[in-house]
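All values below come from the heavy atoms of this structure, side chains included, with hydrogens, waters and symmetry mates left out.
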Amino acid sequence: MSMESVNPATGEKIRSFEEFSDAELQRILKKVGAAQRVWARTDFKTRGALLNRMARVLKKDAATYARLMTEEMGKPLKQSQSEIEKCAWVCEYYRDHGAGFLKPESVKTDASKSFVSFEPLGILLAVMPWNFPFWQVFRALVPALMAGNAVVLKHASNVTGCAMAIESIFQDAQGPKDLFRTLILSSKRIAGLIEHPAISCVTLTGSVPAGRSVAAAAGKALKKTVMELGGSDPYLILEDADLES
């Protein structure tokens, strides 16, 4: 099965991508797990340096990534450029503040010593939407990396080009091999992926029905989830709107 990226403004096919086979998926998850176990032992300075390099790659090739985003999902180029800038900002933010957020915390209890410690979870599965194809990924990817985790991305099928570009950004920033991978999969395979023993936790931004499906699969497997579902903003089209324009 292949997935197609189509320019919504012209209807022109940009590129097609072949879906990963089960065997290929298994190989990738095994490699990601091995990479995460090594990454979990790195210090915050090493992790922050990676985030800094990612920010530099984003800034250096911002015009290219913005153009890809606009071609693949249709938002105005100016908004795409702002989104790339925001992704670079979030890299720098967690570079500067991540270690502080993850610092052990002392807690007063009846015991002689009590504290909260923040440890890596393992592999995060990020199921992300098309509307902010770079930002939604980076806001999950960056803090997860800083906390010592690996990430696998299941992006919306219509922005697979953006998903592959994000993987290339990670590689260009000299990220550890296989610590972050894009998975080219259909949505119907997400539940099975959540159940895979290599996956430790799941984050989803999407619709309420998608959230119910992911929460059910994660709950069955007793895996942590973070979800942002639906929206509450009205979209008003007034009588004087030029619909043809």
Task: Any side-chain heavy-atom pair of Phe132 and Thr205 under 4.5 Å - done: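 When only atoms from C-beta onward are counted, Thr205 and Phe132 do not touch, as no gap falls below 4.5 Å.
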
Open item on the list: Taking the cut-offs as 6.0 angstrom to the six-membered ring centre and 45 degrees off its axis, would you call Lys113 and Phe115 a cation-pi pair?
Closed with: yes

TODO: Look at Lys223 together with Glu195 and state whether they make a salt bridge at an N to O cut-off of under 4.0 Å.
DONE: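 No, Lys223 and Glu195 are not salt-bridged.
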
- [ ] Would you mind checking if Glu228 and Arg139 are paired as a salt bridge, meaning a charged N to carboxylate O distance below 4.0 Å?
- [x] yes

[X] [atom1] to [Y] [atom2] distance, which is reported to the nearest 0.5 Å:
| X | Y | atom1 | atom2 | value |
| --- | --- | --- | --- | --- |
| Leu141 | Tyr94 | CG | OH | 11.5 Å |
| Glu24 | Arg27 | CD | CZ | 6.0 Å |
| Asp172 | Leu58 | CG | CG | 10.0 Å |
| Thr225 | Leu124 | OG1 | CG | 11.0 Å |
| Ser21 | Leu185 | OG | CG | 10.0 Å |
| Ile28 | Arg181 | CD1 | CZ | 4.0 Å |

Examine [X] and [Y] and state if one hydrophobic cluster contains both, with Ile, Leu, Val, Met, Phe, Trp and Tyr joined whenever side-chain heavy atoms are less than 4.5 Å apart.
| X | Y | result |
| --- | --- | --- |
| Met128 | Met69 | yes |
| Leu121 | Val127 | no |
| Ile84 | Leu77 | no |
| Leu50 | Leu102 | yes |
| Leu153 | Leu25 | no |

- [ ] Please work out which of the three classes, parallel, tilted or perpendicular, describes the rings of Phe134 and Phe138, given edges at 30° and 60°.
- [x] parallel

Open item on the list: Tell me whether the count of non-hydrogen atoms from other residues, nucleotides or ligands lying under 6.0 Å of CH2 in Trp135 goes above 12.
Closed with: yes

Task: Asp242 atom CG, over 12 foreign heavy atoms within 6.0 Å - done: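 More than 12 heavy atoms, drawn from other residues, nucleotides or ligands, come within 6.0 Å of this atom.
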
Say whether, by atom type as modelled, one donor and one acceptor occur between the side chain of [X] and the main chain of [Y] under 3.5 angstrom.
| X | Y | result |
| --- | --- | --- |
| Arg56 | Asn52 | no |
| Asp178 | Ala35 | no |
| Thr182 | Ala163 | yes |
| Gln36 | Leu179 | no |
| Glu4 | Arg15 | no |
| Ser213 | Ala210 | no |

Kindly give the heavy-atom pair with the smallest separation between [X] and [Y], and that separation in Å.
| X | Y | result |
| --- | --- | --- |
| Pro133 | Glu83 | N-OE2, 3.3 Å |
| Leu183 | Phe20 | CA-CE1, 3.8 Å |
| Leu68 | Gly161 | CD2-O, 3.6 Å |
| Val142 | Val90 | CG1-O, 3.6 Å |
| Ala66 | Ser80 | O-CB, 3.4 Å |
| Ser157 | Lys154 | N-NZ, 4.2 Å |

Task: Residues His155 and Gln136: side-chain donor-acceptor under 3.5 angstrom - done: no

- [ ] Taking atom types as modelled, find out whether Asp43 and Thr46 have a side-chain donor-acceptor pair closer than 3.5 angstrom.
- [x]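 Yes, side-chain donor-acceptor contact under 3.5 Å.
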
Task: All salt bridge (charged side-chain N to carboxylate O under 4.0 Å, His left out) counterparts of Arg47, not counting sequence neighbours - done: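 Applying salt bridge (charged side-chain N to carboxylate O under 4.0 Å, His left out) to Arg47 gives none.
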
Task: Verdict with reasoning, Glu72 to Thr70, per side chain to side chain donor-acceptor pair (under 3.5 Å) - done: CA-CA 6 Å; Glu72 204 166 42; Thr70 292; over 6 Å; no

Open item on the list: Listing request: all salt bridge (charged side-chain N to carboxylate O under 4.0 Å, His left out) pairs with a residue in residues 199-220, at least two apart in sequence or in separate chains.
Closed with: none

Open item on the list: With side chain to side chain donor-acceptor pair (under 3.5 Å) as the criterion, how do Ser186 and Glu19 come out once you've worked through the C-alpha distance, each side chain's angles and the decisive distance to 0.1 Å?
Closed with: CA-CA 7 Å; Ser186 63; Glu19 186 172 358; 3.2 Å; yes

TODO: Just do the side chain to side chain donor-acceptor pair (under 3.5 Å) check on Ser2 and Ser16 with the steps written out, would you?
DONE: CA-CA 6 Å; Ser2 64; Ser16 62; 5.2 Å; no

